[in-house]
Undergrad: 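I have a structure here, written as structure tokens, and I will follow up with some questions on it.
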Amino acid sequence: MEQAATSAASVSRHGNYINGEWSTEGQPLEVRNPANTDEVVGVFTKSPVSGIERAAAAAEAALPGWSGMPAPARGNILFKAADILDSRFEKIAAEMTREEGKTFPEAKGEVRRTINIFRYFAGEGSRMPGMTVPSERDRVHMFTFRRPIGVVGLITPWNFPSAIPAWKLAPALICGNTVILKPASVAPLSSWRIVEALHEAGIPKGVVNFVVGSGSELGQALVNAGPIKAVSFTGSCQIGQWLHEQASKRRLRIQLEMGAKNPTIVLADADLAAATENVVNAAFFSTGQKCTATSRVIVEDAIYDKFLASLIERTKRLKVGNGMEPGIDIGPCVDENQMNTVLRYIEIGKKEAGAPKLGGNRLTDAAHAKGYFIEPTIFTEVSEDMVIAREEIFGPVLAVMRARNFEDAMRIANNSAMGLSASIQTSNLSRVFEYLSGMQAGLLTVNLPSAGVEYQLPFGGTKDSSFGPKEQGQTALEFYSDYKTVYLKY
Ligand code: NAP
């Protein structure tokens with residue numbers, strides 16, 4: 001495919017959205033295609049700190065009107081925004097591939113999920129369950145109802161630039177909160193499209209505010225802003241920890257979804273072909289840049305050599321390139337920083353585990369020269385003490401580890417500070433239940449990839465991966481609303 005070059009001058013400027021108006025106050029921020037750095041995908045506006053302050057004031061002013069609106073009416077606005085996104089489905093997905101690098105089919109999957117999330121929570125407007133229980137006392141009626149918590153700050157990463165903003169925005173809004181969204185600076189276009197859809201759907205001014213800019217400057221301003229009552233964050237452990245410290249000083253409600261080092265256990269009785277496919281999918285699709293990606297595959301000794309041969313044979317067939325081209329399996333790393341981080345870990349891996357059995361290099365031939373492409377990389381005989389077995393890499397790098405048996409595999413899998421997702425490949429039902437009960441992770445899959453969750457159930461991890469109530473599904477309402485408990489004598 002011919003690579004387009006686009007100059008910043010030919011791309012229109014995307015403003016921030018504050019109090020129902022688009023604002024271009026601030027320096028331009030160019031977003032480039034990681035598969036072809038000649039192409040400017042969008043020019044955004046790097047807001048000064050005052051943008052957060054204005055957004056917080058607007059959100060506070062909008063709160064009584066929005067929280068006072070019947071929840072089904074709020075739902076109607078979310079339904080309408082979902083319809084607007086649906087009408088632009090292919091265009092928004094193509095933009096996502098160009099800004100984040102994931103393949104076009106993956107981007108379509110994510111935009112579909114965003115639309116589904118909006119419809120799911122829009123419907124919640126007509127449910128919004130509370131509790132009614134019998135009283136011990138005569139002629140006393142007891143029940144709860146939900147109230148919003150107020151102005152909520154949402155800080156999101158670049159790897160799911162549409163779905164993560166959606167799974168925070170939609171439950172926050174349906175519960176009657178007003179919000180400020182601060183997306184990742186390297187990929188703000190996908191969430192800008194959601195805000196555009198909400199604007200066109202007629203969301204009242206000030207209810208949603210969108211502010212792009214430096215994470216450290218705006219992040220600090222967000223947790224300091226007087227009207228803010230809660231922060232929901234998805235990103236690295238380091239920033240999450242910092243935010244937690246800041247937020248606790250003000251007793252803000254906080255929800256953190258952070259890093260991971262997810263294992264897949266492959267037992268000797270697994271279906272070899274399916275296990276191979278699941279591990280390749282979870283380790284390398286989306287360039288390994290999923291928080292639920294598998295980065296450690298722990299293989300029972302009896303099947304180690306056979307599984308490794310199958311894994312290498314399948315991985316060799318993956319095609320790396322521009323995600324807009326048909327047949328491409330793996331796109332680029334999201335930016336130069338991320339690519340350099342991955343290359344640094346590959347160098348560490350070479351010192352610790354020896355040369356990788358596959359990959360290990362940046363791709364620089366003509367087809368890949370303008371992007372941040374790295375070969376899918378497999379290290380073998382990785383031991384638990386190695387850095388590549390302990391730290392999140394967030395790229396197409398897989399550590400293969402040997403386990404004596406199921407118990408040893410579980411011990412290795414749980415030997416991590418993090419615990420977001422995990423997977424097991426086996427046909428033994430007893431092992432499945434032992435794994436479900438003993439695995440220290442919030443998201444557990446069986447005979448499926450460790451990545452690939454749906455929006456209808458709680459999402460989140462344990463240990464250092466997560467803090468606070470889970471996201472998505474009905475549980476999302478717990479973070480974004482408060483109960484009022486009523487005792488009524490009649
Ligand atoms: P990141 O560097 O932590 O950034 C996440 C967000 O925080 C961005 O919007 C960033 O803004 C902002 N930020 C940076 N410094 C900040 C500060 N001092 N205060 C407040 N906000 C600040 O993470 P990332 O590189 O975008 O994303 C990758 C990480 O996210 C990985 O660790 C991955 O595991 C994790 N992740 C976790 C989940 C999950 O559900 N557990 C899901 C997806 C991703 P700028 O972009 O402007 O720096």
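Predicted model, so just to flag it, every value in this text is computed and none were measured. Whatever order the structure lists ligands and atoms in, that order sets their numbers, starting from 1. Because only heavy atoms are used, hydrogens play no part in the values below, and waters and symmetry mates are left out as well, while side chains stay in. Numbering starts at 1 and runs along the sequence shown.
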Undergrad: For atom 4 (O) of ligand 1, decide whether some protein heavy-atom distance is shorter than 4.0 Å.
TA: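 Looking at atom 4 (O) of ligand 1, one finds that no protein heavy atom lies closer than 4.0 Å.
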Undergrad: Nearest heavy atom to atom 24 (P) of ligand 1: which of W158, W167, W242 does it belong to?
TA: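 Heavy atom nearest to atom 24 (P) of ligand 1 belongs to W158.
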Undergrad: Give a yes or no on this: more than 12 heavy atoms of other residues, nucleotides or ligands lie within 6.0 Å of atom CD of Q238.
TA: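 Incorrect, the count does not exceed 12.
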Undergrad: If only atom types and distance count, is the side chain of Y435 paired as donor or acceptor with the main-chain N or O of S423 below 3.5 Å?
TA: yes
Undergrad: Does G438 offer a backbone N or O that forms a donor-acceptor pair with the side chain of N414 under 3.5 Å?
TA: yes
Undergrad: Counting only heavy atoms, tell me which of S236, A293, C291 gets closest to atom 38 (C) of ligand 1.
TA: C291
Undergrad: Heavy-atom contacts with I164 under 4.0 Å: which atoms of ligand 1 show up? List them by number with element.
TA: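 Numbered from 1, ligand 1 contributes 42 (C), 43 (C).
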Undergrad: Is the backbone of I149 close enough, under 3.5 Å, to the side chain of D482 for a donor and an acceptor to pair up by distance?
TA: no
Undergrad: Hey, which atoms in ligand 1 end up nearer than 4.0 Å to a heavy atom of L420?
TA: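 By the 4.0 Å cutoff, the relevant atoms are 41 (N).
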Undergrad: From the options W192, F210, W22, select the one residue that forms a ring-ring contact (aromatic ring centres under 6.0 Å, His included) with H14.
TA: W192
Undergrad: Using side-chain hydrogen bond (donor to acceptor under 3.5 Å, both in side chains), reason through K261 and S416 one step at a time and then give a plain yes or no.
TA: CA-CA 7 Å; K261 192 71 192 167; S416 170; over 6 Å; no
Undergrad: Looking only at protein heavy atoms, which one is nearest to atom 37 (C) of ligand 1, and how far off is it?
TA: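 Scanning the protein heavy atoms, the shortest distance from atom 37 (C) of ligand 1 goes to M258 O, 3.1 Å.
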Undergrad: Is it true that V212 lies under 4.0 Å from ligand 1, counting heavy atoms only?
TA: no
Undergrad: Test T462 against Q440 for side-chain hydrogen bond (donor to acceptor under 3.5 Å, both in side chains), laying out the working first.
TA: CA-CA 7 Å; T462 59; Q440 296 160 7; over 6 Å; no
Undergrad: Go through ligand 1 atom by atom and flag the ones less than 4.0 Å from a non-hydrogen atom of F459.
TA: 40 (O)
Undergrad: W167 and Y455: aromatic ring centres closer than 6.0 Å?
TA: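 When the ring centroids of W167 and Y455 are compared, they turn out to be at least 6.0 Å apart.
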Undergrad: Tell me the protein heavy atom at minimum distance from atom 9 (O) of ligand 1, and give that distance in Å.
TA: T156 O, 2.8 Å
Undergrad: Does E200, at its CD atom, have more than 12 non-hydrogen atoms belonging to other residues, nucleotides or ligands within less than 6.0 Å?
TA: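 Yes, CD of E200 has more than 12 neighbouring heavy atoms, counting only those of other groups under 6.0 Å.
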Undergrad: Give the residue and atom name of whichever protein heavy atom lies nearest to atom 11 (O) of ligand 1, and the separation in Å to one decimal.
TA: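 Ranking protein heavy atoms by distance from atom 11 (O) of ligand 1, first comes K182 NZ, 2.8 Å.
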Undergrad: Which of the atoms of ligand 1 are close to G219, meaning less than 4.0 Å from one of its heavy atoms?
TA: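 Numbered from 1, ligand 1 contributes 19 (N), 20 (C).
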Undergrad: Given that the side chain starts at C-beta and the backbone is N, CA, C, O, which of these parts of F233 lies under 4.0 Å from ligand 1, counting heavy atoms, or is it both or neither?
TA: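 The answer is the side chain of F233.
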Undergrad: Please identify which atoms of ligand 1 are closer than 4.0 Å to at least one heavy atom of P183.
TA: 9 (O)
Undergrad: If the cut-off is 4.0 Å to any non-hydrogen atom of S185, which atoms of ligand 1 fall inside it?
TA: 45 (P), 46 (O), 47 (O)
Undergrad: Taking non-hydrogen atoms only, is T292 closer than 4.0 angstrom to ligand 1 via side chain, backbone, both or neither?
TA: neither
Undergrad: Any non-hydrogen atom of G213 lying under 4.0 Å from ligand 1?
TA: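 Contact check G213 vs ligand 1: positive.
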Undergrad: Give the residue and atom name of whichever protein heavy atom lies nearest to atom 35 (C) of ligand 1, and the separation in Å to one decimal.
TA: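 It is G235 O, 3.2 Å.
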Undergrad: Test side-chain hydrogen bond (donor to acceptor under 3.5 Å, both in side chains) on T114 and S162; report intermediate values, then the result.
TA: CA-CA 6 Å; T114 292; S162 180; 2.7 Å; yes
Undergrad: What part of E392 sits under 4.0 Å from ligand 1 if we count only heavy atoms: the side chain, the backbone, both or neither?
TA: side chain
Undergrad: Can you confirm whether more than 12 heavy atoms, excluding those of Q27, are under 6.0 Å from its CD atom?
TA: no
Undergrad: Tell me which protein heavy atom sits closest to atom 28 (C) of ligand 1, plus the residue, atom name and distance to 0.1 Å.
TA: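 Protein heavy atom with the smallest distance to atom 28 (C) of ligand 1: F394 CE2, 3.7 Å.
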Undergrad: Determine, stepwise, if the pair E110 / R113 fulfils salt bridge (charged side-chain N to carboxylate O under 4.0 Å, His left out).
TA: CA-CA 5 Å; E110 183 174 341; R113 186 157 151 203; over 6 Å; no
Undergrad: Of the backbone atoms (N, CA, C, O) and the side-chain heavy atoms from C-beta on, which set of I239 has a member under 4.0 Å from an atom of ligand 1: side chain, backbone, both, or neither?
TA: side chain
Undergrad: Using a plain distance cutoff, I'd like to know if G215 has any nitrogen or oxygen under 3.5 Å from a nitrogen or oxygen of ligand 1.
TA: yes
Undergrad: Does the distance from a Lys or Arg side-chain N to an Asp or Glu carboxylate O, for K205 and E21, drop under 4.0 Å?
TA: no
Undergrad: Taking only heavy atoms of I155 into account, list the atoms of ligand 1 that are under 4.0 Å away from them.
TA: 6 (C), 7 (O), 9 (O), 12 (C), 20 (C), 21 (N)
